[in-house]
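The structure displayed is predicted, hence computed values, not measured ones.
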Amino acid sequence: MSFTLATWNINSVRLREPLVLQFLAHSGPDVLCLQECKSPVDKIPVEAFRAAGYEHMIARGQKGYNGVAILSKLPIEDRGDMDFASLGHARHIAGRLENGVTIHNFYVPAGGDKPDREINEKFGQKLDYLTGMRDWFRDSAPEKAILVGDLNIAPREDDVWDHKKLLKVVSHTPVEVEALAETQEAGNWVDITRQDIPQGNLYSWWSYRSPDWDAADKGRRLDHVWATPDISNAAHSSAILREARGWEKPSDHCPVLATFDL
């Protein structure tokens, strides 16, 4: 069985319903994991997605904030969610495909503006959330699993437009990078995007504040596709759909894709 999976922080699934449909028509992934849906589950435009061939959806939502959803052409079983750091946010959902692969869809807290938990509660919440993920993977080692989502950290020097300038900017600080590395190591997760594209600058997010995001190209790779070692060698054809950042009324993130032959 071969399937293509995509992850995308959509920044409001209702506001950007046309963009989701455009992407589904453009790339046709078998599974699309969305973050920052900003919608109660019953308000997600599921009928439009079903009409596009995505008959299955599992989701967790809340009004105006956070929210994660998995749209799928393939049958998928809801495998629950975790509330790391006890934030009460809709930031995680897991689903299992019929081939036994479990997909974890995460939206890690952004962490606010100041990388100091003493003066910025949101930064502390981000670190606590990652610690919760790490401990969970240590306690129950994942198998035959894929983890995707907006992890809100660009870990490598070539995952940001300027490593030195961003060392004190939330999303690329050493403490965050270390926390993400510990989380990845705890589950023996393989970074599929970098397995496929090991060299060169890669970005999946460009700020709305940049007047010409494409020319300035001050991006960060905040969106990730990981897999457990038992299936990581089955992954290929990773891609970041940069052009979606330039679509009409875009999200500030673009989709990240990978294909698995299982």
Side-chain angles (χ1 to χ4, degrees), residues 5-74 76-85 87-97 102-112 122 125-126 129 133 146-153 171 204-208 222-225 240-241 244-245 247-257:
L5 175 146
T7 179
W8 193 7
N9 178 319
I10 193 59
N11 191 16
S12 179
V13 68
R14 287 189 283 173
L15 180 64
R16 294 187 170 83
E17 174 188 348
L19 287 192
V20 177
L21 295 173
Q22 182 176 346
F23 172 64
L24 296 177
H26 177 281
S27 298
D30 298 288
V31 180
L32 172 59
C33 297
L34 297 171
Q35 304 88 37
E36 206 170 355
C37 295
K38 296 182 177 179
S39 174
V41 174
D42 62 358
K43 300 294 185 181
I44 295 175
V46 64
E47 292 302 325
F49 302 146
R50 285 177 179 156
Y54 294 78
E55 298 183 1
H56 309 277
M57 183 186 80
I58 58 175
R60 299 292 185 271
Q62 58 189 99
K63 184 178 180 180
Y65 298 94
N66 309 314
V68 286
I70 303 177
L71 310 178
S72 181
K73 293 179 179 179
L74 310 170
I76 188 166
E77 176 189 6
D78 191 325
R79 299 295 294 176
D81 58 82
M82 297 291 288
D83 180 20
F84 298 107
L87 299 177
H89 297 172
R91 292 186 176 273
H92 169 256
I93 191 169
R96 182 172 293 171
L97 300 175
T102 298
I103 299 171
H104 294 279
N105 182 15
F106 277 96
Y107 177 43
V108 171
K122 291 182 178 180
Q125 291 175 347
K126 181 177 192 174
Y129 194 94
M133 290 174 64
I146 301 169
L147 184 158
V148 305
D150 177 5
L151 305 186
N152 262 312
I153 296 172
S171 78
S204 64
W205 174 90
W206 294 262
S207 174
Y208 285 134
L222 304 180
D223 306 273
H224 300 267
V225 177
I240 297 178
L241 190 66
R245 180 61 178 83
W247 290 350
E248 186 175 357
K249 296 181 180 179
S251 169
D252 46 359
H253 296 252
C254 59
V256 180
L257 302 95

Test side chain to side chain contact (heavy atoms under 4.5 Å, CB included) applied to Val68 and Phe106, step by step: CA-CA 7 Å; Val68 286; Phe106 277 96; over 6 Å; no

Just verifying a value: how many Å separate His224 NE2 and Leu151 CG, rounded to the nearest 0.5 Å? 5.0 Å

Would you compute the distance between atom OG1 of Thr7 and atom CG of Leu34 and round it to the nearest 0.5 angstrom? 8.0 Å

Take Asn11 and Tyr208, measure what side-chain hydrogen bond (donor to acceptor under 3.5 Å, both in side chains) needs, and give me the verdict at the end. CA-CA 12 Å; Asn11 191 16; Tyr208 285 134; 3.1 Å; yes

Minimal non-hydrogen separation, Lys249 against Arg16, with atom names: O-NE, 2.9 Å

May I ask you to decide if Ala69's main-chain N or O and Asn105's side chain share a donor-acceptor pair within less than 3.5 Å? yes

Minimum heavy-atom separation for Gly61 and Val41, please, with both atom names. N-CG2, 3.4 Å

Would you say the side chain of Ile153 lies within less than 4.5 Å of the side chain of Val108, judging by non-hydrogen atoms? no

Under 30°, 30 to 60°, or over 60°: which ring-plane class applies to Trp247 and Trp8, parallel, tilted or perpendicular? perpendicular

Rounded to the nearest 0.5 Å, what's the gap from CG on Leu74 to CD1 on Ile103? Could you check? 8.5 Å

Under 3.5 Å donor-acceptor, Arg14 side chain and Ser39 backbone: no

Can you find a pair of side-chain heavy atoms, one from Cys254 and one from Ile240, that are under 4.5 Å apart? yes

State whether the side chain of Lys126 and the backbone N or O of Ala110 hold a donor-acceptor pair below 3.5 Å, judged by distance alone. yes

With a 4.5 Å limit on heavy-atom distance, are the side chains of Leu32 and Val20 in contact? yes

Write down the atom of Leu24, the atom of Ala52, and the distance for their closest heavy-atom approach. CD1-CB, 4.4 Å

Using modelled atom types and a 3.5 Å cut-off, is there a donor and acceptor pairing between side-chain atoms of Arg60 and backbone atoms of His92? no

Lys38 (side chain) donor-acceptor with Leu15 (main chain) under 3.5 angstrom: no

At what distance, to the nearest 0.5 angstrom, does CD1 of Ile44 lie from CG of Leu71? 8.0 Å

salt_bridge(Glu47, Arg50) N-O dist < 4.0 Å: yes

Ignoring hydrogens and geometry, is there a side-chain-to-backbone donor-acceptor pair from His253 to Leu222 under 3.5 Å? no

Does the Ser204 side chain pair with the main chain of Asp223, one donor and one acceptor, at a distance under 3.5 Å? yes

Please check if the side chain of Arg96 supplies one atom and the backbone of Arg79 the other of a donor-acceptor pair under 3.5 Å. no

Atom pair CD (Gln35) and CD1 (Ile93), whose distance is rounded to the nearest 0.5 Å: 11.5 Å

Taking Glu36 for its side chain and Asn9 for its backbone only, find out whether a donor-acceptor pair lies under 3.5 Å. no

Are any side-chain N or O atoms of Ser72 and backbone N or O atoms of His56, one a donor and one an acceptor, separated by less than 3.5 Å? no

Evaluate the side-chain proximity of Ser251 to Leu19: yes if any heavy-atom separation is below 4.5 Å, no if none is. no

Would you mind reporting whether Phe49 and Val13 have side-chain heavy atoms less than 4.5 Å apart? yes

Rounded to the nearest 0.5 Å, what separates atom CD1 in Ile76 from atom OG1 in Thr102? 9.0 Å

Between Arg91 and Asp150, is there a side-chain N and carboxylate O pair less than 4.0 Å apart? no

Heavy-atom check, side chain of Ile70 versus side chain of Cys33, under 4.5 Å: yes

Taking the side chain as every heavy atom from C-beta outward, state whether Val31 and Tyr54 have any pair of such atoms under 4.5 Å apart. no

